[in-house]
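The structure under discussion appears below in the form of structure tokens.
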Amino acid sequence: MRQKREASALITSLAVHLLILAALFMVQYAVVQQIEEIDIQTVFEDHERQQQEFNRPLEAETEISNSAAAIAGGVVSDTIGGVDANLTAKKSIEESTKLETPDFQANLAPPLPGIEEMGDQLEDGGEVNGEPGAAVSGYGVAMSRMTDELRRLMREGKGLLVVWLFDESESMQNDQKMIRDEFHKIYEELRIVEEQGKRAAKNQDAPILTAMHSFGKGITDLTKKPTSNEIVIKAAIDKIKVDESGEENMSGAISYVIDKYSTIANRGNRRLILVIVSDESGDDGEAFDLTLVKAKKAHAPCYILGRESIFGYPYARVRWKDPEFGLTHWLRIRRGPETAYPESLQYDGLHGRWDAQSAGFGPYEQVRLAKESGGIFFILPSEEENLVTTQHGEERKFRFEAIREYAPDLEPRKQYEAERDSSEFRRTIWDMVVKLNPHRDKDLNIKEIWYSNDHEEFRKQANIYFGRALRAMGMLNEAIKTLDSIEHLREKESSPRWRANYDLAAAQVLAYRVRLFQYMLAMDKHAKEAPEPKNPKNNRWNLRRTKKMLPPDEEQVKKTKVDMNELNEQLAMAQDRFRHVIHEHAGTPWAYRAKYELDQGFGMAFFETFRDPRYDELTVELPKQ
């Protein structure tokens with residue numbers, strides 16, 4: 001078996017090197033001789049792909065309760081999002097009517113941690129355990145659960161000071177309206193507590209006070225002071241504006257409200273509670289550790305109403321229509337990853353990823369904050385109509401038992417990095433992910449859409465990107481060798497997550513090499529045949545991914561020494577690897593990613609299309625998300 005593998009590797013390596021040499025010849029031939037030969041390139045332009053989602057569904061009544069009974073929360077949980085030391089592993093949303101104008105806005109420069117601050121520990125020296133992943137069907141269920149949590153905390157003998165923080169991004173406008181419509185649940189239910197004489201502190205006028213804020217690059221005070229007036233609170237939500245900067249300094253906002261309200265809460269014999277509403281991960285992660293220290297020192301549990309992270313990838317894309325022409329644009333938002341650093345390839349064989357596949361877990365910083373502060377990370381449904389997505393329905397809800405052992409480590413980044421780099425197996429995978437990262441190496445991005453229908457212009461475009469494809473082919477070949485060199489360490493790896501990272505990456509680099517070669521064949525065929533669009537209105541050519549492989553013609557076989565049999569063999573190797581991932585890691589994000597890859601196919605073909613010329617005339621600046 002070992003000899004067969006080595007022979008296959010030798011044949012593969014030989015074939016690829018011959019391909020590269022032949023391709024280099026073909027480029028020179030196309031450029032110098034100006035004949036209809038292989039003319040290849042690729043630059044990434046916004047191209048739509050897709051997303052999915054999970055965690056244990058949280059069943060809750062959404063009707064207003066007539067009982068003051070409370071359920072326990074903010075305790076050790078077996079739900080998804082991260083894991084706790086003893087059970088799993090130790091690591092794991094603008095505008096309506098206005099009542100008044102926000103009276104203050106602060107700039108959130110990342111705070112610099114001081115030695116004493118960073119050295120502070122919890123007074124009792126113990127660890128607070130929150131719930132890192134409670135999947136809910138919507139804001140109604142989440143608000144009911146929040147009511148139960150607040151009721152439970154009031155039984156500790158203190159009143160509550162609840163501070164809400166709303167993300168000012170445009171993508172959260174609908175969410176803010178939904179929260180406003182559901183806000184009555186909390187106050188109507190908690191009024192029961194007051195009526196039944198269960199206020200914890202007799203000297204307090206109201207058992208619960210609320211302060212409202214929104215954040216983006218800075219933070220806006222939506223209420224002048226904490227209040228129990230539900231009308232004022234709901235009106236505050238209507239005042240949230242969209243921050244055009246596109247920045248979301250979540251850590252800074254949390255730190256700001258802790259600094260502002262912790263002393264006020266203590267003097268009023270109240271427990272400080274934070275509720276953060278956001279569909280993104282935040283842009284000031286470097287300040288996260290200090291923020292977490294502050295939350296723990298203030299004994300302030302953080303409840304986060306958020307979204308699932310993107311599997312092994314920092315970004316997702318949302319649809320936006322410009323007000324000038326009503327044209328669709330896709331704007332990038334930060335939605336991940338679920339781990340301290342991405343562990344999956346950021347590359348899809350032609351350019352940076354465009355999918356938004358669910359990780360089954362929340363974003364690393366948010367989940368860790370909720371867990372360690374004693375709060376809850378609520379995973380809201382991701383059926384967002386404007387989000388690029390790959391999967392829908394029940395298949396997006398990963399089974400808990402299938403992914404519990406794949407939960408991400410929620411330790412501090414420095415500790416995570418040290419543990420990863422101490423392992424040759426994990427470090428090698430990480431180094432490959434970094435090397436094949438189109439966000440760092442722009443020359444890995446290959447154009448897939450909007451090729452000119454003018455033959456000469458097409459040739460120019462193709463020649464620009466052909467070199468990129470050729471270079472990427474060589475990098476993939478090296479990646480294959482690198483992963484082969486650590487295969488013997490796979491069985492010694494204790495983490496199912498890292499074994500899955502290896503298995504998926506090993507399949508992807510093989511398959512992406514086939515995709516690149518198919519791209520080169522398609523470019524050569526299109527350059528030689530120079531077809532005219534059948535529909536005279538069409539003004540561009542796009543490449544389409546397909547399961548049908550494009551066979552090389554006789555001339556291409558002669559120059560590359562790669563025939564259809566060889567292509568099929570290469571593809572079969574990759575497909576076998578993907579099937580192994582699906583079988584070995586059934587029901588996990590890795591298996592869904594493998595299925596997604598297989599469903600896309602690795603053949604390439606041109607098709608005619610129309611690109612609205614008004615895209616080039618747009619004068620409105622695209623908003624930052």
Side-chain angles (χ1 to χ4, degrees), residues 42-53 93-94 167-175 216 242-248 250 278-283 306-323 325-338 342 344-360 362-363 366 379-392 396 437-440 442 444-450 542-545 589 592-593 596-597 599-600 609 611-612 615 618 620-625:
T42 300
V43 201
F44 174 59
E45 276 189 34
D46 286 353
H47 180 54
E48 178 178 347
R49 289 275 183 279
Q50 299 168 321
Q51 165 169 3
Q52 54 189 206
E53 174 195 12
I93 91 210
E94 218 175 289
D167 171 354
E168 293 176 342
S169 63
E170 186 170 355
S171 59
M172 290 298 286
Q173 286 182 312
N174 290 334
D175 297 71
V242 175
D243 182 359
E244 301 294 343
S245 74
E247 295 184 34
E248 293 181 13
M250 182 182 297
S278 178
D279 64 348
E280 302 191 36
S281 302
D283 297 313
R307 307 284 185 184
E308 262 185 276
S309 176
I310 302 304
F311 172 55
Y313 189 60
Y315 309 113
R317 288 170 175 81
V318 293
R319 181 189 292 110
W320 178 79
K321 289 191 175 183
D322 70 80
F325 301 126
L327 301 174
T328 297
H329 306 264
W330 292 95
L331 310 178
R332 194 174 76 177
I333 63 173
R334 187 177 291 273
R335 179 68 73 78
E338 76 276 25
S344 300
L345 284 176
Q346 311 296 287
Y347 180 60
D348 77 347
L350 285 177
H351 45 65
R353 285 172 54 180
W354 256 76
D355 68 277
Q357 180 190 325
S358 168
Q366 294 181 357
I379 300 180
L380 294 162
S382 287
E383 283 95 357
E384 302 154 276
E385 64 177 6
N386 290 325
L387 185 72
V388 178
T389 181
T390 54
Q391 294 177 317
H392 304 273
R396 296 168 61 189
N437 186 353
H439 301 297
R440 290 172 174 258
K442 303 301 182 181
L444 280 170
N445 290 309
I446 294 177
K447 186 180 179 73
E448 198 171 358
I449 61 172
W450 307 142
N542 285 359
L543 279 160
R544 173 182 292 152
R545 304 181 184 196
Y592 280 94
R593 178 69 190 186
Y596 169 72
E597 298 277 19
D599 288 346
Q600 272 201 310
T609 189
R611 182 178 186 271
D612 196 318
Y615 275 111
L618 187 66
V620 176
E621 184 177 352
L622 271 62
K624 298 177 181 178
Q625 292 293 306

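- Listed by chain and number, the residues in a side chain to side chain donor-acceptor pair (under 3.5 Å) with Tyr313 are His439 (sequence neighbours excluded).
- Asn445 places a side-chain N or O within donor-acceptor distance of the main-chain N or O of Gly352, the cut-off being under 3.5 Å.
- With sequence neighbours excluded, the residues satisfying side chain to side chain contact (heavy atoms under 4.5 Å, CB included) with Arg544 are Phe607.
- Here Gln366 pairs with nothing under the side chain to side chain donor-acceptor pair (under 3.5 Å) rule; sequence neighbours left out.
- With sequence neighbours left out, the side chain to side chain donor-acceptor pair (under 3.5 Å) criterion links Asp612 to Arg614.
- Of all the heavy atoms in Ile333 and Val318, the pair that sits closest is CD1-CG1, 3.9 Å.
- Closest of all the heavy-atom pairs between Ala316 and Arg335 is CB-CB, 4.1 Å.
- Nearest heavy atoms, Pro589 versus Ala359: CG-O, 3.2 Å.
- Between the side chain of Gln346 and the main chain of Gly312, a donor-acceptor pair closer than 3.5 Å is present.
- Take Tyr615 and apply the ring-ring contact (aromatic ring centres under 6.0 Å, His included) test, not counting sequence neighbours, and it matches His329.
- Side-chain contact between Arg545 and Leu350 is present, with heavy atoms from C-beta onward closer than 4.5 Å.
- The shortest non-hydrogen separation linking Trp320 to Leu331 is CB-CD1, 3.5 Å.
- Across every non-hydrogen atom of Ile379 and Gly362, the tightest pair is CD1-N, 4.5 Å.
- Of all heavy-atom pairs between Asp167 and Ser169, the closest is OD1-N, 2.7 Å.
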